[in-house]
2 protein chains.
Amino acid sequence: MLEKNTCCGGHSHTPKNLIAKAEEFCSANGQRLTAPRAEVLKTLARSHKALGAYDILEAVLIDGKKAKPPTIYRAIEFWLEHGFIHRIESLNAYVSCDHDHDTAGVHFLVCENCKCVREAHTASPLKALDLDGFEPKHSQTETVGLCKDCH
Amino acid sequence: MLEKNTCCGGHSHTPKNLIAKAEEFCSANGQRLTAPRAEVLKTLARSHKALGAYDILEAVLIDGKKAKPPTIYRAIEFWLEHGFIHRIESLNAYVSCDHDHDTAGVHFLVCENCKCVREAHTASPLKALDLDGFEPKHSQTETVGLCKDCH
DNA sequence: CACGCTGATGTTATATTATAACATTAAGCG
DNA sequence: CGCTTAATGTTATAATATAACATCAGCGTG
């Protein structure tokens with residue numbers, strides 16, 4: 001994993017911008033931008049495709065040493081909670097997010113071949129639905145298929 | 001798991017109907033309705049909530065004996081392929097389906113408390129989207145929240 | 001019926017993803 | 001400084017899923 005890949009136009013977020021946003025968020029909210037958190041976010045931001053937790057684990061060094069699973073999962077959880085990354089359920093993998101949106105409804109186009117993920121925006125899929133007492137908290141749509149470069 | 005539960009109005013599919021449909025499907029398509037397949041489908045059909053593979057494993061006996069993981073996963077795969085069950089990605093769990101629909105786009109209302117799952121139908125979420133070369137194969141929306149009885 | 005083909009299951013082992021539990025360290029604050 | 005709290009380090013293990021190969025059952029054919 002993490003090999004150079006030009007699929008999807010080589011799209012990836014810019015680690016610097018995302019880290020800057022993260023720094024800003026942390027100082028504004030009394031959170032700490034620690035080494036594991038920073039490394040995990042940078043790794044995801046550099047990748048244009050979804051990475052599994054153990055891909056991240058292999059990719060990052062914290063103070064020059066390989067981390068252990070809980071360290072990675074804690075950082076993942078932190079960024080998930082604060083909307084800096086998303087979990088792609090159908091891949092058990094994670095992507096960074098540089099969109100500003102409430103995280104209540106998102107839509108991902110997931111390439112089953114190269115695992116690249118594009119985040120799309122539409123109207124909430126709940127609009128047209130008879131919820132009949134169901135109280136929604138979060139909607140996520142995943143469309144699996146082949147990206148432009150893979151089909 | 002599998003305890004009696006009256007949440008969501010005790011909704012569950014009717015194993016007999018679903019098995020009848022499955023029998024019909026198999027004979028029409030040259031597939032075999034073997035013991036593991038039948039038991040797995042019945043178990044899911046009886047449950048009104050999503051079951052993990054290992055919940056199913058604990059629940060079924062094949063010729064009076066506990067099965068092993070590959071047996072369960074093969075049956076799950078079989079029914080997934082043929083649209084008799086769905087995988088709820090956010091739970092790593094499975095539900096039976098007695099709807100007739102192309103499996104190209106489905107929407108689930110998932111209760112995070114009791115794990116009951118309601119299948120809903122709306123227009124495809126892809127309609128409003130600029131796919132820009134992405135070739136979609138399957139869309140699934142999962143809305144996590146609290147069901148009528150749990151909130 | 002015996003044979004051989006095919007698809008399904010049985011079995012063993014292991015890969016992959018994720019978390020529990022407790023010890024230690026670091027940051028912020030009076 | 002010394003306390004408190006949040007975060008990380010560490011060890012172990014849970015939960016989910018699959019690879020690989022052996023065996024068996026159904027079925028058409030000679």
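Just so we're on the same page: letters track the sequence lines, and every chain starts at 1.
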Spacing of [X] atom [atom1] relative to [N] atom [atom2], expressed in whole Å:
X     : N      : atom1 : atom2 : answer
A:E89 : C:dT17 : CD    : P     : 14 Å
A:E58 : C:dA15 : CD    : C1'   : 14 Å
B:E81 : C:dA8  : CD    : C1'   : 13 Å
B:D55 : D:dA17 : CG    : P     : 11 Å
B:L33 : D:dA25 : CG    : P     : 17 Å
A:I88 : C:dT17 : CD1   : P     : 15 Å
B:L41 : C:dA8  : CG    : C1'   : 17 Å
B:L91 : C:dA18 : CG    : P     : 14 Å

Output the single nucleotide from [options] whose closest atom is nearest the side chain of [X].
X     : options                : value
A:Y54 : D:dT11, C:dA18, D:dT18 : C:dA18
A:P70 : C:dT19, C:dT9, D:dG9   : C:dT19
B:R37 : D:dG9, C:dA8, D:dA17   : C:dA8

Q: Measure the spacing between CD of A:E81 and CD1 of A:I85 and express it to the nearest 0.5 Å.
A: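 Going from the CD atom of A:E81 to the CD1 atom of A:I85 covers 10.5 Å.
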(Q) Need to verify one output field. Residue with the more 5' nearest nucleotide on DNA chain D, A:G30 or B:P69? (A)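 The 5'-side residue here is A:G30.
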Phosphate-side-chain proximity, [X] and [N], N/O vs OP1/OP2 below 4.0 Å:
X     : N      : value
A:R32 : C:dA26 : no
B:R87 : D:dT16 : no
B:T34 : C:dA8  : no
A:Y94 : C:dA18 : yes
A:Q31 : D:dA6  : no
B:Y73 : D:dA17 : yes
A:K68 : D:dG9  : no
A:T71 : D:dT8  : no

Q: Please say whether more than 12 non-hydrogen atoms of neighbouring residues, nucleotides or ligands are located less than 6.0 Å from CG in B:N29.
A: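 Yes, the 6.0 Å shell around CG holds more than 12 heavy atoms from other groups.
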Assess whether a salt bridge exists between [X] and [Y], defined as any Lys/Arg side-chain N lying under 4.0 Å from an Asp/Glu carboxylate O.
X      : Y      : value
B:E77  : B:R74  : no
B:K137 : B:E135 : no
B:E24  : B:K21  : no

**Q.** B:R74 (side chain) and C:dG7 (base): donor-acceptor pair under 3.5 Å
**A.**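 Counting by modelled atom types and ignoring angles, no donor-acceptor contact under 3.5 Å is found here.
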Q. By salt bridge (charged side-chain N to carboxylate O under 4.0 Å, His left out), which residues pair with A:K68, not counting sequence neighbours?
A.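 Residues passing salt bridge (charged side-chain N to carboxylate O under 4.0 Å, His left out) with A:K68: none at all.
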Q. Taking for each residue the nucleotide of DNA chain C bearing the nearest heavy atom, is the 5' side occupied by B:I62 or by B:N92?
A.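 Looking at the nearest nucleotide for each, B:I62 comes out on the 5' side.
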